[in-house]
Number of protein chains: 2
Amino acid sequence: MIRILVADDHPIVRAGLVALLEAESDLEVIGTATTGVEAVEIALAERPDVVLMDLRMPELDGDAATAEIRAVAPEVKVVILTTYESDDAILAGVEAGASGYLLKAAPEQELLAGVRAVAAGEVALAPRVAAMLVTRVSRPATPPVALSPRELEVLRLVADGLSNRAIGERLFVGESTVKTHLLHVFTKLEVTDRTRAVTRAMELGIL
Amino acid sequence: MIRILVADDHPIVRAGLVALLEAESDLEVIGTATTGVEAVEIALAERPDVVLMDLRMPELDGDAATAEIRAVAPEVKVVILTTYESDDAILAGVEAGASGYLLKAAPEQELLAGVRAVAAGEVALAPRVAAMLVTRVSRPATPPVALSPRELEVLRLVADGLSNRAIGERLFVGESTVKTHLLHVFTKLEVTDRTRAVTRAMELGIL
DNA sequence: GCGCGTATCCACCGACCGGTGGATACCGCA
DNA sequence: TGCGGTATCCACCGGTCGGTGGATACGCGC
């Protein structure tokens, strides 16, 4: 039996979800919450298998509630359930630790399958969310910049927090040489300091 | 009609895939490749809608071939198709720009659905791959460190490449003050320089 | 061979950063 | 009311970084 907590501030939606879930023999709604704070309280007290969480809720939004639950009770899985949100909002939900992200517009069977998948330790993603995750991790097609092997080597050590002197010692060259490589990196990445160079390189996926 | 290129160094697998795909009325295999280099050549010459790409191939592995194709012809979608690989290998495929990642063990219908989804501009992910993407972007449950609002503000500006002086001006405080905040950040993140602080903060998901 | 570009190396200067030491103010708790 | 913890602020020193200028070597095309 999969124990479920339903968190949504719309009574209609709550009722619909509860009816849908209770009709299944292997699913059991152990509680409902109307705010983010309430969702966290019940989740921590009852430790359901799955929390069906709306993103927009009073007091504490779904992201924050998800993060709080996961911080204390990581074994409680959270499925974000929403009508439609911006890319950032969706990614925030996943980053907060949600194991699933479904749209309310999804067919009922898909929703039930999602809940069961998450309870089984898998993930449930709406196609749109999956596409966003892929683009998030995929590197830009053509690296707009080409660092020389030596420059890349130096930049990696800079990212590890080594000083120019320390980098020089590790590469058996003078400190000045390291600086020169770094300056070339700055030019190619169009930045003026080592810190921004590292973040730029990460944005460009070359680190 | 969806035009497909099959790239795999095993003749048996190639034959099986071609037979499966050609049996569908809306799918058409326009060529086969046995090495990564060959796959890139044919993909760029024929511009198929979808490339079914094995990860392990002679001369050029699937990741590299995918990246090359995507760099020149981003409209050609690539589906990585493999038996089983390590987490790193799978993520590398997605990072290289693959739109799909399926397992050869998947049911035939799932494979066909994946090809059609990718051709339609969506993504096709095996459950295992989806789970990996989620854990990749999700932040650690409990942020092991808690920066003060001011410290976080300063660190963000540091990540943008601003000097301490420039940060001070933007926040209407002295340069020394900025340094103090930064030193507190260093202590909390257990680092000794601004660059490593930024990378650590990114690792910890607090930036 | 000769020129051109690139990668790799180094020294010197001024400005900036990392570290120490200390001040003030707020908050919760006894 | 006092007391400890935290957040916020600042000045001064020595080491480091960012920038300029220049050297050597390799590959490539004519």
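Naming convention: chains lettered A, B, ... in sequence-line order (proteins, then strands); numbering from 1 in each chain.
Atom P of nucleotide C/dG14 and atom CG of A/D193 are separated by 22 Å, given to the nearest angstrom. Protein atom NE2 of B/H184 is 12 Å distant from nucleotide atom C1' of D/dC10, rounded to whole Å. Taking atom CD on B/E151 and atom C1' on D/dA7, their separation rounds to 8 Å, with Å as the unit. Going from atom CG of A/L182 over to atom P of C/dC9 covers 14 Å, rounded to whole Å. In this structure, the CZ atom of A/R165 is 12 Å from the C1' atom of D/dG14, given to the nearest Å. In this entry the distance linking CG of A/L183 with P of D/dG21 reads 13 Å, nearest Å. To the nearest angstrom, P of D/dC10 lies 11 Å from CG of B/L171. B/E153 places its CD atom 14 Å from the C1' atom of D/dC9, with the value rounded to the nearest Å.
When the side-chain nitrogen and oxygen atoms of A/R150 are compared with OP1 and OP2 of C/dC9, one or more of them lie within a distance under 4.0 Å. Residue A/N164 has a polar side-chain atom (N or O) positioned under 4.0 Å from OP1 or OP2 of D/dC17. Within the 4.0 Å cut-off from OP1 or OP2 of D/dT6, not a single side-chain nitrogen or oxygen of B/S148 is found. Contact annotation: B/K188 reaches the phosphate of D/dA7 (side-chain N/O to OP1 or OP2, under 4.0 Å). For A/S176 and C/dC12, the shortest distance from a side-chain N or O to OP1 or OP2 is not below 4.0 Å.
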Derivation of the side chain to side chain contact (heavy atoms under 4.5 Å, CB included) call for A/L147 and A/L155: CA-CA 10 Å; A/L147 300 183; A/L155 184 56; 3.9 Å; yes
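As judged by a 4.0 angstrom heavy-atom cut-off over every strand, B/T177 is placed among the base-contacting residues. Contact annotation for B/T180: base contact, defined as any heavy-atom pair under 4.0 Å involving a base atom. Residue contacts shown for B/S163 are limited to sugar-phosphate atoms, with no base heavy atom under 4.0 Å away.
Taking only side-chain atoms of A/R194, from C-beta outward, the nucleotide of C/dC10, D/dG18, C/dT8 with the closest atom is D/dG18. For B/E175, taking side-chain heavy atoms from C-beta onward, the closest of the listed nucleotides D/dC9, C/dT8, C/dC17 is C/dC17.
Under a cut-off of 6.0 angstrom, the local environment of CZ in B/R170 is sparse, with at most 12 non-hydrogen atoms contributed by other residues, nucleotides or ligands.
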